[in-house]
Structure formats: structure tokens, C-alpha cells
Undergrad: 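Right, I'll just put the structure down here and ask away after.
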Amino acid sequence: MAEENETLPERESMEFDVVIVGAGPAGLAAAIRLKQLAAEAGGDISVVVLEKGSEVGAHILSGAVIDPVGIDRLLPGWRDEDTPIKTKVTEDRFLFLGHSGSIRLPNFMMPPLMNNHGNYIVSLGNVCRWLSTKAEELGVEIYPGFAAAEVLYDDDGRVIGVATGDMGVGRDGKPKDGFMRGMALMGKYVLIGEGARGSLAKMLISKFDLDRDAQPPKFGIGLKELWEVAPEKHKPGLVQHSFGWPLDSKTGGGSFLYHLEDNQVAVGFVVHLNYENPWLSPFEEFQRFKRHPAVVDTFEGGKRLSYGARAITEGGFQSLPKLAFPGGLLLGCAAGLVNVPRIKGSHNAILSGMMAAEHVQTALAAGRANDELTKFDAALRASEIGADLKKVRNVKPLWSKLGLYGGIALGGLDMWTNTFGFSLFGTLGHGKPDSATLKPAAECPKIDYPKPDGKISFDRLSSVFLSNTNHEEDQPIHLRVGDMALQKSSEHDVYAGPSYRYCPAGVYEWVEEGEDAPRFQINAQNCVHCKTCDIKDPNANINWTVPEGGGGPNYPNM
């Protein structure tokens with residue numbers, strides 16, 4: 001954003017009943033439900049949705065196998081329409097991978113909630129594009145390419161709107177030719193559905209101390225590729241999950257292979273960001289995973305179509321912050337509503353958006369505005385969303401405390417007992433935030449990753465190219481380092497520069513040559529908006545902020 005000074009024009013403003021940040025499943029569901037409720041009441045509610053991507057779906061990345069319960073509620077007749085929800089799950093497989101072999105786990109051993117019967121394999125980006133058309137048909141205004149950069153407050157500290165970032169600002173922070181001041185979008189209520197580790201959600205959680213009674217938030221990084229495979233290797237509806245190799249027993253994570261329509265297979269790899277070894281690279285682990293004998297045959301002779309990466313909320317039930325603040329609500333992944341062992345969050349995101357709409361509509365009908373929707377938090381926790389998260393609340397902490405074997409065994413047992421309404425463990429805590437889990441590099445073994453072959457495994461830069469990532473180079477760097485001296489003395493000297501390895505897009509590097517070496521270089525134009533740096537920096541010294549609107553990846557079908 002351009003530096004505030006007397007020469008900048010005042011922002012223009014627009015008034016709405018409800019301002020929604022983020023055109024993901026939660027935000028779009030809230031918008032649609034608000035319009036439905038208004039129509040049922042014989043009135044109208046003005047709703048606007050801001051989306052920082054160049055179009056709806058451009059920044060959406062998920063596996064994704066979706067539980068249709070949310071869409072069934074939101075749009076009951078969707079099965080009679082032409083939608084991007086086409087491929088029903090036909091087969092579930094669970095594999096434990098060793099270095100050169102695999103063991104398939106019998107399905108009857110898996111807790112019932114892990115069953116994908118009745119679910120669908122989709123491109124969540126395309127689902128959001130479809131939902132956006134539904135929203136617009138109802139009169140919702142959607143503004144893609146406008147990044148919400150600032151929360152606006154009244155004199156009493158209540159949220160009254162958001163401001164989009166200024167456009168046409170140079171790297172030096174000064175306006176360029178074509179500069180355009182950001183817009184203020186004022187609302188009686190503001191709903192935040194930015195996704196995991198959203199910049200506005202982070203500000204609001206801090207300002208209103210929303211996490212004071214919660215465990216630290218926990219995250220993973222999910223990396224995904226979309227492939228077109230040979231027809232004889234394509235098995236529409238097949239869902240395959242695995243854990244084990246190439247990660248060691250102390251490092252949490254796993255993989256998925258989802259066979260969609262049109263000979264397409266989505267392959268992904270998740271690494272829990274509480275890992276200890278600073279030499280570990282989630283991107284390289286993903287590339288190594290694809291070479292496993294149980295996996296590689298699917299992709300031989302195929303073509304990689306897309307690549308992307310995204311942080312995933314993994315704290316679950318005990319990490320949920322308070323969801324209501326004066327003037328608005330947190331929704332979906334911004335609230336942390338992902339069911340980690342199921343690797344599913346879109347159903348809870350949609351349900352949370354619908355529930356938020358109902359609470360907002362009640363308040364608007366009573367003539368209220370910008371107050372705290374105090375009943376929302378308890379209602380969500382008591383709903384099926386809370387029940388969904390509560391059943392799996394101990395899986396992540398058990399894996400973190402006991403490692404792969406003990407964690408998987410006792411986590412599975414806990415999911416089974418929760419099926420019958422009780423847990424042997426109560427509710428376990430998470431302990432440290434992910435920024436505090438790395439060990440000094442000198443205490444950890446280096447990891448020797450093989451070179452990519454360009455057929456199954458690839459390098460970062462060719463991968464980022466497939467994400468269609470683009471940022472205007474002459475703009476302020478949206479990745480803010482708080483203390484550069486600390487970055488050198490700690491991130492570099494103690495932890496051997498893990499930012500180079502944890503970033504899946506080649507944004508960070510330590511330049512070891514020249515007079516000012518070592519120098520921390522930020523290639524911000526490569527950023528795919530995964531937010532991993534904001535989570536994993538060992539000193540919480542990097543702050544991810546929104547770039548100029550429309551910047552970042554442009555995923556066509558992720």
C-alpha cells in the first residue's frame with residue numbers, strides 16, 4: 001500500500017449490508033444463503049464478495065474429495081444440473097509405504113468416518129467458479145482481483161468494513177503512473193473467509209485476542225500436481241491415501257491420489273509443519289514420493305498439467321479461536337475447520353458460511369449492525385461441524401507426541417472410540433506452535449535429495465511456471481521480514497536457512513557470494529501464496545501480506 005500522506009486522495013467507499021472477504025466455499029456459501037434468506041423473507045440484503053485472485057478459483061487449491069453434505073443443504077437440486085461435481089468415489093485404498101514396498105491396510109480396520117462412500121472427487125477451484133455463478137444469479141456482487149488489505153474500525157473499535165490495497169505502487173512505496181487508491185467497502189457485518197492463515201484473520205485474532213482460550217494453531221503444507229495419465233492407468237473414482245516413506249517416523253504427513261474424470265489424476269503430498277529437521281524440504285519429499293514403486297507406474301507416460309501448494313489448518317477442535325468479533329465472523333479455513341485425518345474442510349466451510357448467514361440475517365432483521373454475534377461461536381461448536389472436529393481432535397497431537405507408529409495406532413483407536421461417543425484421552429494439547437519446533441541444523445542429519453528426472457520428478461521453478469504465478473515486479477514486497485539481523489543470526493546461522501527448503505516456490509534464498517554475503521534474497525514474484533513462511537520461520541519473523549490485487553497463482557483446475 002502506498003505510504004499514507006497528504007497527497008493521497010481519500011478512498012472512495014461503497015456501502016453494503018454484508019462484506020465477505022474470500023470467494024472460497026465458506027464465503028460463497030454465506031453469500032448464497034444470505035440471498036436465499038432475504039428472498040424467503042420477501043426482502044433483500046446487499047452482499048459483496050472480495051477475491052484477491054484474478055478470478056474466482058484462481059487461488060483455490062485442495063485435494064479434493066468433498067463430502068456433499070454442505071452442497072446438499074445449500075443447493076438441494078444440484079444433482080439435476082450440469083456441475084463440476086461429477087466423479088463419485090468408487091474405491092478407497094489406504095497404504096503404508098516402506099522404502100521399496102507397501103502394505104495395503106484392510107478397509108474394515110479404518111474408522112467409519114474415514115469411509116469416502118458417497119463423496120466426490122473434484123477440482124475445488126471449479127466448484128467455486130460454479131458457486132460464484134449461483135451467487136451472481138441471486139444478485140451477489142463479486143469483485144475478483146481486489147485484495148482486502150486492511151480492516152476498518154469505528155471509534156469504538158468495531159469492524160465496519162475493509163479496504164482493498166492501493167494499485168500501482170512502486171517497489172519504493174511511492175505511487176507510479178496509473179496509481180489507483182484502494183476502495184473502502186463498508187458493511188453492517190464483515191465475514192472473513194480468506195482460507196488458512198489469512199492476513200486479515202491473523203490481524204483480527206490478535207486485536208481481539210480471539211485465541212486466548214485456544215491451543216496454538218497448527219498447520220501442514222499441501223503440495224499438489226494434476227496429471228493426465230494413460231487411459232489404461234486411469235481408474236475413475238479411485239481414492240488412495242498413504243503414509244510412511246519418504247518421511248521418517250517422527251515427521252507427520254502423507255499423500256493422496258485421486259482419479260478424476262478425463263484421464264486426470266490429482267496427486268498430493270502433505271507435510272505437517274511441526275517437523276524438527278531444518279534440512280527437510282516438503283517439495284523434495286513430494287518429488288521423491290512419486291518415485292515409489294506403488295505410485296510411479298500411474299504417472300509413467302503421463303503429462304503433468306498443474307502444480308500448486310497451500311497451507312492447511314491442522315489444529316482442529318482445540319485450536320479453534322473465538323469466531324465472533326465486534327462486527328463480524330471468521331469462517332471456514334480462516335477459522336480452522338479442517339478435519340485433518342479425513343483431509344476434508346470444504347463441507348465444514350460451506351456449513352459455517354450458511355450458519356453465519358443465518359446469524360447475520362437474524363441480526364439485520366432486528367435492525368442491528370456492527371455488534372458482536374455472540375451466539376454464533378457456541379452454535380457452531382454445538383453443531384455437526386463441532387461434532388465432526390471433536391471426533392478427530394486427538395489424532396494430530398497423538399502423532400506429534402508419539403510419532404508415526406504409536407500416533408497412527410492410538411489415533412485410529414481414538415477415532416473408533418469417538419464413534420461410540422467417548423475418548424480414552426480426553427482432549428490433548430498441541431504444545432508449541434510450528435514456528436518453535438525446528439532443532440538447530442547442527443543437531444540434525446542432512447538429507448540428500450535426488451536430482452529431478454524431468455519426467456516424474458521436477459524442480460521448483462518449472463513447477464512454479466505451471467502454477468501461472470505472476471506478480472507485478474515493481475511493487476512493494478509483500479513478504480515482510482521483521483528483523484533482518486535476526487534472520488541472519490538465527491534463521492541462517494543456527495538453522496542453516498530452512499526458508500530455502502520449506503518454501504515450495506523458490507521465493508527465499510541466502511546468497512553466499514559478494515561483499516554483503518550472506519544476503520537474504522526474496523524472489524516475491526514466485527510466491528504461490530501458500531503462507532508457509534508466515535507459519536514456519538523459526539522466529540516468526542516473516543509476515544505474509546497481500547500483494548497487489550490479482551497477483552499470485554492462476555490455477556485453472558486445482
Side-chain angles (χ1 to χ4, degrees), residues 169-174 221 223 271 273 275-288 307 309 434-435 437-454 457-545 547-548 551-553:
V169 180
R171 180 65 64 95
D172 59 3
K174 297 179 180 179
I221 178 173
L223 304 106
V271 177
L273 286 176
Y275 65 83
E276 297 179 343
N277 188 343
W279 300 105
L280 184 144
S281 166
F283 176 87
E284 299 291 353
E285 298 290 347
F286 177 32
Q287 300 307 313
R288 187 159 63 156
Y307 164 82
D434 295 329
S435 60
T437 61
L438 285 180
K439 291 182 176 180
E443 298 178 13
C444 301
K446 289 187 177 182
I447 303 175
D448 182 23
Y449 291 110
K451 291 182 179 180
D453 60 17
S457 58
F458 302 89
D459 60 47
R460 280 179 176 81
L461 293 184
S462 66
S463 299
V464 173
F465 178 79
L466 284 182
S467 72
N468 302 303
T469 295
N470 182 58
H471 296 87
E472 171 62 48
E473 290 194 31
D474 185 18
Q475 66 171 285
I477 292 176
H478 65 281
L479 305 156
R480 313 279 175 80
V481 179
D483 183 341
M484 195 60 78
L486 177 62
Q487 205 68 11
K488 162 66 173 63
S489 64
S490 179
E491 205 261 351
H492 178 273
D493 294 355
V494 176
Y495 298 101
S499 56
Y500 173 75
R501 290 175 286 277
Y502 65 57
C503 176
V507 170
Y508 301 103
E509 58 182 315
W510 283 96
V511 179
E512 301 287 353
E513 300 174 353
E515 293 182 5
D516 56 351
R519 174 172 55 86
F520 194 46
Q521 181 163 307
I522 302 176
N523 305 306
Q525 67 274 15
N526 288 358
C527 179
V528 295
H529 298 198
C530 75
K531 319 285 181 64
T532 304
C533 54
D534 195 294
I535 297 162
K536 190 59 179 172
D537 181 84
N539 303 288
N541 195 34
I542 298 176
N543 182 32
W544 190 96
T545 63
E548 195 169 282

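Here the structure is a predicted model, which means the values were calculated and not measured. Numbering of residues begins at 1 and proceeds along the displayed sequence.
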Undergrad: When you measure from the centre of the six-membered ring of Y275, is the NZ or CZ of K536 closer than 6.0 Å and no more than 45° off the axis?
TA: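 Ring-cation test returns yes.
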Undergrad: Of all the heavy-atom pairs spanning P282 and Y502, show the shortest one and how long it is.
TA: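 Heavy-atom minimum between the residues: CD-CA, 3.9 Å.
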Undergrad: Table please: side-chain donor-acceptor pairs of residues 442-450 below 3.5 Å, with sequence neighbours left out.
TA:
unit_1 : atom_1 : unit_2 : atom_2 : d
Y449   : OH     : S281   : N      : 3.0
Y449   : OH     : E285   : OE2    : 2.6

Undergrad: Measure the spacing between CZ of F283 and OG of S463 and express it to the nearest 0.5 Å.
TA: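 Those atoms lie 3.5 Å apart.
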Undergrad: For D459, give me all partners under salt bridge (Lys or Arg N to Asp or Glu O under 4.0 Å), at least two apart in sequence or on another chain.
TA: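 Counting only residues at least two positions away or on another chain, D459 forms no salt bridge (Lys or Arg N to Asp or Glu O under 4.0 Å).
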Undergrad: Q525 and N523: side-chain donor and acceptor closer than 3.5 Å?
TA: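 No - no donor-acceptor pair under 3.5 Å links their side chains.
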Undergrad: Taking only residues two or more places apart in sequence, or in another chain, which ones meet D483 in a side chain to side chain contact (heavy atoms under 4.5 Å, CB included)?
TA: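 Counting only residues at least two positions away or on another chain, D483 forms a side chain to side chain contact (heavy atoms under 4.5 Å, CB included) with A485, L486, N541.
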Undergrad: Under the side chain to side chain contact (heavy atoms under 4.5 Å, CB included) criterion, do S462 and Y307 qualify, and how do the steps go?
TA: CA-CA 9 Å; S462 66; Y307 164 82; over 6 Å; no
Undergrad: H478: what forms a side-chain hydrogen bond (donor to acceptor under 3.5 Å, both in side chains) with it, not counting sequence neighbours?
TA: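 For H478 there are no side-chain hydrogen bond (donor to acceptor under 3.5 Å, both in side chains) partners, ignoring immediate neighbours.
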Undergrad: Going by the rule salt bridge (Lys or Arg N to Asp or Glu O under 4.0 Å), which residues pair with E509 if we only count those two or more places apart in sequence or in a different chain?
TA: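 Checked E509 against salt bridge (Lys or Arg N to Asp or Glu O under 4.0 Å); zero matches.
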Undergrad: Under the rule for side chain to side chain contact (heavy atoms under 4.5 Å, CB included), what residues qualify as partners of E512, not counting sequence neighbours?
TA: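 H492, W510, P518.
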Undergrad: Just to verify, what does N470 make a side-chain hydrogen bond (donor to acceptor under 3.5 Å, both in side chains) with, not counting sequence neighbours?
TA: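 Listed in chain order: nothing, the list is empty.
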Undergrad: Any idea which heavy atoms bring C530 and I221 closest together, and the distance?
TA: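 Of all heavy-atom pairs spanning C530 and I221, the closest is SG-CD1, 4.5 Å.
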Undergrad: Distance from S489 atom OG to M484 atom CE, nearest 0.5 Å?
TA: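 Between S489 OG and M484 CE, I get 12.0 Å after rounding to 0.5 Å.
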Undergrad: Answer yes or no: are there more than 12 heavy-atom neighbours, outside Y500 itself, under 6.0 Å from its atom OH?
TA: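 At most 12 heavy atoms, drawn from other residues, nucleotides or ligands, come within 6.0 Å of this atom.
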Undergrad: Which value, rounded to the nearest 0.5 Å, describes the distance between Q475 atom CD and H471 atom NE2?
TA: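 It comes to 6.5 Å.
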Undergrad: If the condition is side-chain hydrogen bond (donor to acceptor under 3.5 Å, both in side chains), which residues does S435 pass it with, not counting sequence neighbours?
TA: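 Result, side-chain hydrogen bond (donor to acceptor under 3.5 Å, both in side chains) vs S435: none returned.
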Undergrad: Identify the two heavy atoms, one from E472 and one from E548, that lie closest to each other, and give their separation to 0.1 Å.
TA: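 Minimum heavy-atom separation between E472 and E548: CB-OE2, 4.4 Å.
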Undergrad: List the atom of R460, the atom of G506, and the distance in Å for their closest heavy-atom pair.
TA: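 Minimum heavy-atom separation between R460 and G506: CD-N, 3.6 Å.
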Undergrad: Can you name the residues that form a salt bridge (Lys or Arg N to Asp or Glu O under 4.0 Å) with R519, not counting sequence neighbours?
TA: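 If we apply the salt bridge (Lys or Arg N to Asp or Glu O under 4.0 Å) test to R519, skipping adjacent residues, the hits are D516.
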Undergrad: Identify the two heavy atoms, one from P278 and one from P498, that lie closest to each other, and give their separation to 0.1 Å.
TA: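 Taking every non-hydrogen atom into account, O-CB, 3.7 Å.
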Undergrad: Going by side-chain hydrogen bond (donor to acceptor under 3.5 Å, both in side chains), name the residues that satisfy it together with D474, two or more places apart in sequence or in a different chain.
TA: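 Checked D474 against side-chain hydrogen bond (donor to acceptor under 3.5 Å, both in side chains); zero matches.
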Undergrad: Mind listing the closest non-hydrogen atom pair of P476 and V169 along with its distance?
TA: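 Between these two residues, the closest heavy atoms are CD-O, 3.4 Å.
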Undergrad: Side-chain contact, heavy-atom cut-off 4.5 Å: L461 with N526?
TA: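 SC-SC contact between L461 and N526 confirmed.
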Undergrad: Test side chain to side chain contact (heavy atoms under 4.5 Å, CB included) on T469 and H529; report intermediate values, then the result.
TA: CA-CA 9 Å; T469 295; H529 298 198; over 6 Å; no
Undergrad: Mind checking side chain to side chain contact (heavy atoms under 4.5 Å, CB included) for I522 and listing every partner two or more places apart, or none if nothing turns up?
TA: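 Partners of I522 by the side chain to side chain contact (heavy atoms under 4.5 Å, CB included) criterion, ordered by chain and then number, come out as I477, L479, V481, V507, Y508, F520, A524.
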Undergrad: Under 4.5 Å between any side-chain heavy atoms of K488 and D493, yes or no?
TA: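 Yes, at least one pair of side-chain atoms sits under 4.5 Å.
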Undergrad: When rounded to the nearest 0.5 angstrom, what distance separates CG in L273 from CD1 in I535?
TA: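 The distance works out to 6.0 Å.
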Undergrad: Just to verify, what does D434 make a salt bridge (Lys or Arg N to Asp or Glu O under 4.0 Å) with, not counting sequence neighbours?
TA: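 Once residues adjacent in sequence are excluded, the partners of D434 under the salt bridge (Lys or Arg N to Asp or Glu O under 4.0 Å) criterion are K218.
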Undergrad: Just how far is it from atom OG of S499 to atom CD1 of I542, taken to the nearest 0.5 Å?
TA: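 It is 5.5 Å, given to the nearest 0.5 Å.
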